[in-house]
Amino acid sequence: MTQEKKFPLPPFTEETAQEKVQLAEDAWNSQDPEKVSKAYTVDTEWRNRSQFVNGREEVVAFLTDKWKKEKNYKLKKELWAFTDHRIAVRFEYEYQNAEGAWFRAYGNENWEFNEHGLMQKRYASINDLQITETERRL
């Protein structure tokens with residue numbers, strides 16, 4: 001059986017960490033749960049706000065539900081720090097809820113990768129701020 005790989009692989013340099021962050025941003029902005037899930041190990045562990053998600057199947061279910069609720073989703077990620085196999089990012093995203101109200105979410109994520117470049121741990125702390133449509137930046 002061939003081991004999956006998701007390039008770039010650790011150990012990260014500033015350039016490859018930036019590339020990993022951009023690839024994650026692009027994948028999440030696709031709003032394709034299957035595509036996004038392929039960046040994670042099959043047994044990935046997440047904490048997203050107060051919710052715990054384990055494994056790719058739960059990632060797909062979580063993201064499917066998320067993007068049903070968060071309309072007109074747009075995300076921007078920024079590299080904060082990195083080591084050999086870990087990356088920290090800050091991010092913001094905007095979305096509209098079912099009632100049409102706009103929100104901007106701010107947060108930080110800590111990522112840990114295996115040697116094949118798949119994310120095995122993702123810890124996200126996120127806060128939402130209601131905004132007006134004219135305050136949108138993304």
Side-chain angles (χ1 to χ4, degrees):
M1 183 181 209
T2 305
Q3 174 63 47
E4 295 174 80
K5 290 188 179 182
K6 192 72 168 179
F7 292 92
L9 306 177
F12 297 116
T13 63
E14 184 172 358
E15 181 181 345
T16 59
Q18 290 278 13
E19 182 180 351
K20 204 68 150 172
V21 171
Q22 187 62 58
L23 288 167
E25 177 183 306
D26 294 345
W28 280 67
N29 278 326
S30 77
Q31 296 177 50
D32 180 341
E34 287 290 336
K35 177 182 179 178
V36 173
S37 75
K38 300 299 185 210
Y40 302 91
T41 60
V42 295
D43 61 348
T44 191
E45 297 175 17
W46 286 19
R47 182 186 52 76
N48 194 86
R49 301 176 192 259
S50 61
Q51 187 173 359
F52 293 86
V53 178
N54 294 290
R56 278 190 189 161
E57 288 183 23
E58 288 187 18
V59 166
V60 170
F62 171 84
L63 293 174
T64 299
D65 186 54
K66 172 185 179 63
W67 289 319
K68 282 181 185 173
K69 295 176 186 172
E70 296 178 358
K71 304 296 182 194
N72 299 306
Y73 177 93
K74 181 70 175 167
L75 167 73
K76 182 67 185 149
K77 291 184 183 281
E78 177 186 351
L79 177 64
W80 189 257
F82 69 95
T83 62
D84 289 343
H85 68 286
R86 292 184 175 137
I87 296 176
V89 299
R90 67 155 296 280
F91 64 88
E92 62 182 338
Y93 64 89
E94 294 174 349
Y95 66 93
Q96 234 176 343
N97 69 8
E99 292 76 35
W102 282 97
F103 291 85
R104 184 175 304 120
Y106 297 96
N108 300 293
E109 292 177 323
N110 296 308
W111 302 340
E112 183 176 289
F113 296 86
N114 69 12
E115 67 274 15
H116 302 288
L118 296 166
M119 195 182 304
Q120 54 194 12
K121 295 180 192 250
R122 174 185 172 268
Y123 301 112
S125 298
I126 307 167
N127 299 296
D128 294 295
L129 173 68
Q130 190 166 356
I131 60 173
T132 64
E133 188 169 3
T134 60
E135 292 175 301
R136 292 180 55 212
R137 295 194 299 236
L138 303 177

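- To the nearest 0.5 angstrom, Phe82 atom CZ is 8.5 Å from Gln18 atom CD.
- Checked options Val60, Asp65, Val59; the residue passing with Leu63 is Val59 (criterion: side-chain contact (heavy atoms from CB on, under 4.5 Å)).
- Side-chain atoms of Asn48 and Arg122, non-hydrogen and from C-beta on, do get closer than 4.5 Å to each other.
- With a 6.0 Å radius and a threshold of 12 heavy atoms from other residues, nucleotides or ligands, Glu15 has its CD atom at or below the threshold.
- Applying the side-chain contact (heavy atoms from CB on, under 4.5 Å) test between Leu118 and each of Arg56, Lys38, Lys5 identifies Arg56 as the sole match.
- Here Arg137 pairs with Glu92 in a salt bridge; the nearest charged N to carboxylate O distance falls below 4.0 Å.
- Under the 3.5 Å distance criterion, the side-chain polar atoms of Arg47 are matched with a main-chain donor or acceptor of Arg49.
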task: Could you go through the side chain to side chain contact (heavy atoms under 4.5 Å, CB included) check for Asn108 and Trp80 one step at a time?
output: CA-CA 9 Å; Asn108 300 293; Trp80 189 257; 5.5 Å; no
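- With no hydrogens or angles considered, no side-chain donor-acceptor pair links Asn114 and Gln120 at under 3.5 Å.
- Side-chain contact between Leu23 and Pro8 is present, with heavy atoms from C-beta onward closer than 4.5 Å.
- Lys74 NZ: 12 or fewer foreign heavy atoms inside a 6.0 Å radius.
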* Show the numbers, then the answer: is there a side chain to side chain contact (heavy atoms under 4.5 Å, CB included) between Ile131 and Arg136? => CA-CA 7 Å; Ile131 60 173; Arg136 292 180 55 212; 4.0 Å; yes
Determine, stepwise, if the pair Lys6 / His116 fulfils side chain to side chain contact (heavy atoms under 4.5 Å, CB included). CA-CA 6 Å; Lys6 192 72 168 179; His116 302 288; over 6 Å; no
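- Here the closest heavy-atom approach between residue Glu58 and residue Phe52 is recorded as OE1-O, 4.2 Å.
- When the options Trp28, Trp67, Phe103, Trp102 are evaluated for a ring-ring contact (aromatic ring centres under 6.0 Å, His included) with Tyr95, the one that passes is Phe103.
- Tyr73 has its side chain within reach of Lys66: a pair of non-hydrogen atoms, C-beta onward, lies under 4.5 Å apart.
- No donor-acceptor pair under 3.5 Å is formed between the side chain of Glu112 and the backbone N or O of Lys121.
- Taking every heavy atom of both residues into account, Tyr93 and Ile126 meet most closely at OH-CG2, 4.2 Å.
- Counting non-hydrogen atoms of other residues, nucleotides and ligands closer than 6.0 Å to CD of Gln22 gives a total above 12.
- A distance of 11.5 Å separates CZ in Arg104 from CG in Asp128, rounded to the nearest 0.5 Å.
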